[in-house]
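The next block holds one structure in the form of structure tokens; read it before the comments.
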Amino acid sequence: MTNHDHSHVAQTHDSGHGHKMPFWKKYIFSVDHKTIGVQYAVTSLIFLFFGFGLVSLMRWQLAYPGQPLPLIGGWFSDTAMIGGIMLPEFYNQLGAMHGTIMIFLGVVPLSVGAFGNYVLPLQIGAPDMAFPKLNMMSYWLYFIGGILMLASFFVPGGAAQSGWTSYPPLSVIASGGQTWWLIGMVFLINSSLLGSVNFITTVVQLRTKGMSFFRLPFFVWAQFVTSFLLLLAFPPLMAAGVLQLSDRLLGSSFFMPSGLVVNGAVSAVAGGGNAVLWQHLFWFLAHPEVYVLILPAMGIVSEVMACNTRKPLYGYKALVYSSIFLGFMSFIVWAHHMYLTGMGTTMSTFFQITTMIISIPSVVILTTLILSLWGASIRFTVPMMFALAFLPMFGIGGLTGLPLGLNAADIHLHDTYYVIGHFHYVVAPGTIFALFAGIYHWFPKVTGRKMNEALGKIHFYFSLIFMNGVFLPMLIMGLAGVSRRLYDPTQYAHALPTQPLNVFISISAWCLGLAQIPFIINFFGSIFKGKKVDDNPWQATTLEWSTPTPPPHGNFLKEPVVYRGPYEYSTPGQKHDFWPQSMKENN
Amino acid sequence: MPYYGWWLPANFSTHGAAIDRLIVVIHIFMAVLFIGWFTFFVYLLFRFRQRPGQTAQHHVHHFKLPTYLEVGVLVFEVILLVAFSFPIWNLYRQQPLDESKAMHVRVIAEQFAWNVQYPGRDRQFGRRDPKLVTPENPIGLDKDDPLAKDDITTINQLHVPVHTPVIVDLSSKDVIHSFSLPIMRVKQDVIPGQSIKVWFEATGVCDSEITCAQLCGLGHYRMKGYLTVETKEKFDSWYAEQEKEKAAS
Amino acid sequence: MSAEIHYISEPHPVSGVTNSKLGVWLFLASEVMLFGGLFSAYILLRTGVTDWPRGHEVLNVPLATLNTVILITSSVTMVMSWASLELKKFSKFRLYMTITILLAIAFLVVKGFEYAHKFDHHHFPSTSNFYAIYFVITGLHGLHVIGGIIVNAYLLLPGSKMWKTNPEQFTGRVEAAGLYWHFVDLVWIFLFPALYLL
């Protein structure tokens, strides 16, 4: 079938869909989901590297507090560094913006905006998203939001510096960058709102003939559930953002209690507000956000694993039900981030129980994925290696969540490096590895060329080693009780013994940065010089591999019809070990 | 550094041992689960690697094991909740103390210091008013209030007697802080506009730190106080000294 | 090649709705969460303090009642404009749509008087949390009204060209805009007692 398709490729490339579009319409203000997906991918990868750059600067201060930053220290203005020595204000800006950029401008846009946009319509056999113009708007809102966030570094007082969580009253009395942060978030929230409306409508309405809900690849399910989380969890943050903007700009006191004394002067605001209100609204978003980060990653891992084990997934329906259950439960666990705000015993008991319950579907998903290896014939391709590494890394991330979810253990571990280690294990070697798997896996569909295996393996092994070099010591520091967000950890006696670990982490982090060089070379090099491949180089079953490469506007040469589930690998009686969803007869 | 290292800090509180036990139990459970799981994972990768003669099976083998595993994890989590977390939290947050035996102290956090207010011999705190805050009177103590006459205030110095329950009444002047005593296993967010109580009882004499665990601004990293646990006699003489100093000024 | 997106004008056989209708419903679900978040904040702030003013003592209830009537009427005319399209009466659609827009503008004008009156008496969001929540929720609602006016004006003027080329899709658009408009109306129905009466 793949050969058959090729005869049409040349034709579609030339004549396209009838008329030639100008450059700006085809590549910049495009309404094609694939172009938008690539735009998201490129933008979010740039933000990911930028966010990583911010934390590399912080790591210098943490490893060698008060020492001038070598080489590039002189490039920064006096409001950031004096003689190359970082100021605490700048450290706090870096911290807040690292979190914001990595989550809202890096990982989510890459996993949902890029992979969701590019792959989802292809996998369900749709010609495009349901609302192509909204899709374009969604990207540009994201882009503006990102620019506002970046620009905030240059406003007087610098960027937001109250953590990515922006707890008031600190964030309300903070300098100007916080306002930019809030406005930037409003853009990002609206962007993801439009995106999620689009995704859900597309999945419900535009599945091709025969593509029933239980024939959807798990990736689509993951994106579908994620979209509901984005749709329903983000608006309360929008509400909170509007309230905080009002506190900052209109002088209201939603989050400002009475009788504050700031810098020795009684605060002029009316008071009567509630500082914890923000935390409730914020975490009502930010806990589902965790699953927004992890579900698409699980989707990618499932696709890559099914294809490279050459067999169906173990318990497809268990995966689907677990992810729906995860999505649902993620709305009622938010206050486990707030055990130490002085909440009552009843409330903390409730949130402990829901937190323990939510661990079960995660265990089911992980078990299902590992048992998918049983009876397989595992191809150790680069995407497969990243996908496999996801499993133990996410496992550590999930397990370390357990002591944090129990409020008694949380008394000691709350707001320490243990928390940082925990959630980075989930999102960095977890989600980001899955995203790398996705990039290596779908690159041939986007470009018609494969990424280099050798460079990919170098990238993989070094990333794996250094990721653990960065995050494993953080768990030890957390157990020792070292608080997070400390500009100079050597100030505290209890943090001093772990200072060598800080040096070790920093060196690992910088090496992790270097380990991305083979990836960057591979990524750009392969666009032009990669090995040319046919339409279905991995011999996969799902619909995106039955289109020409790269897929033309409108995706499919003729509307595909789906005859079977997504993972018919090694079906007995078949000539090949894969049986594409849209292939009618035996092959 | 006898108290601190690469593992949990030394514990000097009556309730801390239970927290430590919970943390150790969870970590043993995590280690067992992870090592077992990881070994199985590596075994699968080796056994089912692609090689000549290895073909994938379309038929999905259904195992009982994952169900047992999931139920096992669930049961263990219930045990963690019921046997550890609930009782410890109750002890930490709610244990009705014999208040007459306890020592009361107020800690008022600000950017970036811990103000401590002792109620004095009348065991009652003097009135505070934010309007009265001056550099000399950082907590805004109303000097005209008769209850405030014998109150002692210190900055970043929390002295407590050993083997005595201490009830700390936490409040903040400006932003959210978090009052953390690592070796006492005490951590509590300090929320402006609220007053939150925590308590602990020291089991031994020690010199240690108060840290701020919640980002509170550019000086968050140096918002450090000192916790001194001393014998009843030493504490009393320290307290008398403070009273003398107050009278002198 | 099939570059065409389905179910733009005809409903999906299983879900029973067009894309735009489903999209609007989803959008409204998210709007419910937005206003739900604000109302939760309102409840939490109000129950957190002892001295919360009673709405009817400090706000202008007659003006707000007038506005309630205006909005409900505009919802009715919105339905009429859509129904006119279903009956293939385009000129009636224009009439009802124009009335809907004018009523929406009237709502904003009344609201403007109410705001001006408050400012004259030096009541700002910084005055107290009561005024803060009043201005923020009604302000955000006002932005939704403006959004509705823009959408409706588009459908009345440049967007109505579609009536000639694709009447079915155009009717669907008006219906979707109507759903949104009823939601804006509904928010006000919750707002009015919560802020002005209680």
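Only heavy atoms go into these numbers, but all of them, side chains included; no hydrogens, no water, no symmetry mates.
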* Grab the two heavy atoms, one from B:L132 and one from B:D142, that are nearest each other, plus how far apart they are. => CD1-CA, 3.7 Å

Quick one: what part of [X] sits under 4.5 Å from any heavy atom of chain A, side chain, backbone, both or neither?
X: B:T211; result: both
X: B:L74; result: both
X: B:L44; result: both
X: B:H27; result: side chain

Taking side chain as everything from C-beta outward and backbone as N, CA, C, O, which of these in [X] sits under 4.5 Å from a heavy atom of chain B? Side chain, backbone, both or neither.
X: A:T367; result: side chain
X: A:Y418; result: side chain
X: A:Q279; result: side chain
X: A:Q161; result: backbone
X: A:N263; result: side chain
X: A:S570; result: both
X: A:N92; result: side chain
X: A:S372; result: neither
X: A:L388; result: both
X: A:F380; result: side chain
X: A:Y569; result: backbone
X: A:P489; result: neither
X: A:V364; result: both

* Asked: A:I360, A:V482, A:V363, A:V266: which one forms the most heavy-atom pairs within less than 4.5 Å of chain B?
  -> A:I360

* Structure fact -> Answer key: most heavy-atom pairs under 4.5 Å with chain B among A:S162, A:P312, A:A495 is A:P312

* Could you check A:V172, A:V262, A:I173, A:L260 and say which one makes a side-chain contact (heavy atoms from CB on, under 4.5 Å) with B:V175? => A:I173

* Asked: For A:Y487, is the NZ or CZ atom of A:R485 found under 6.0 angstrom from the centre of its six-membered ring and inside 45 degrees of the ring axis?
  -> no

* Asked: Does B:D145 pair with B:R127 as a salt bridge, N-O distance under 4.0 Å?
  -> no

* To do: Give a yes or no on whether a salt bridge exists between B:R185 and B:D20, defined as a side-chain N under 4.0 angstrom from a carboxylate O.
  => yes

* Please test B:F63 against A:W374 for ring-ring contact (aromatic ring centres under 6.0 Å, His included), starting from the C-alpha separation and ending with a verdict. => CA-CA 10 Å; B:F63 297 93; A:W374 190 275; 5.2 Å; yes

* Top residue by heavy-atom pair count (under 4.5 Å) with chain A, among B:P192, B:S178, B:S172? -> B:P192

* **Distance, nearest 0.5 Å, that separates CZ of B:F38 from CD1 of A:I370** => 9.5 Å

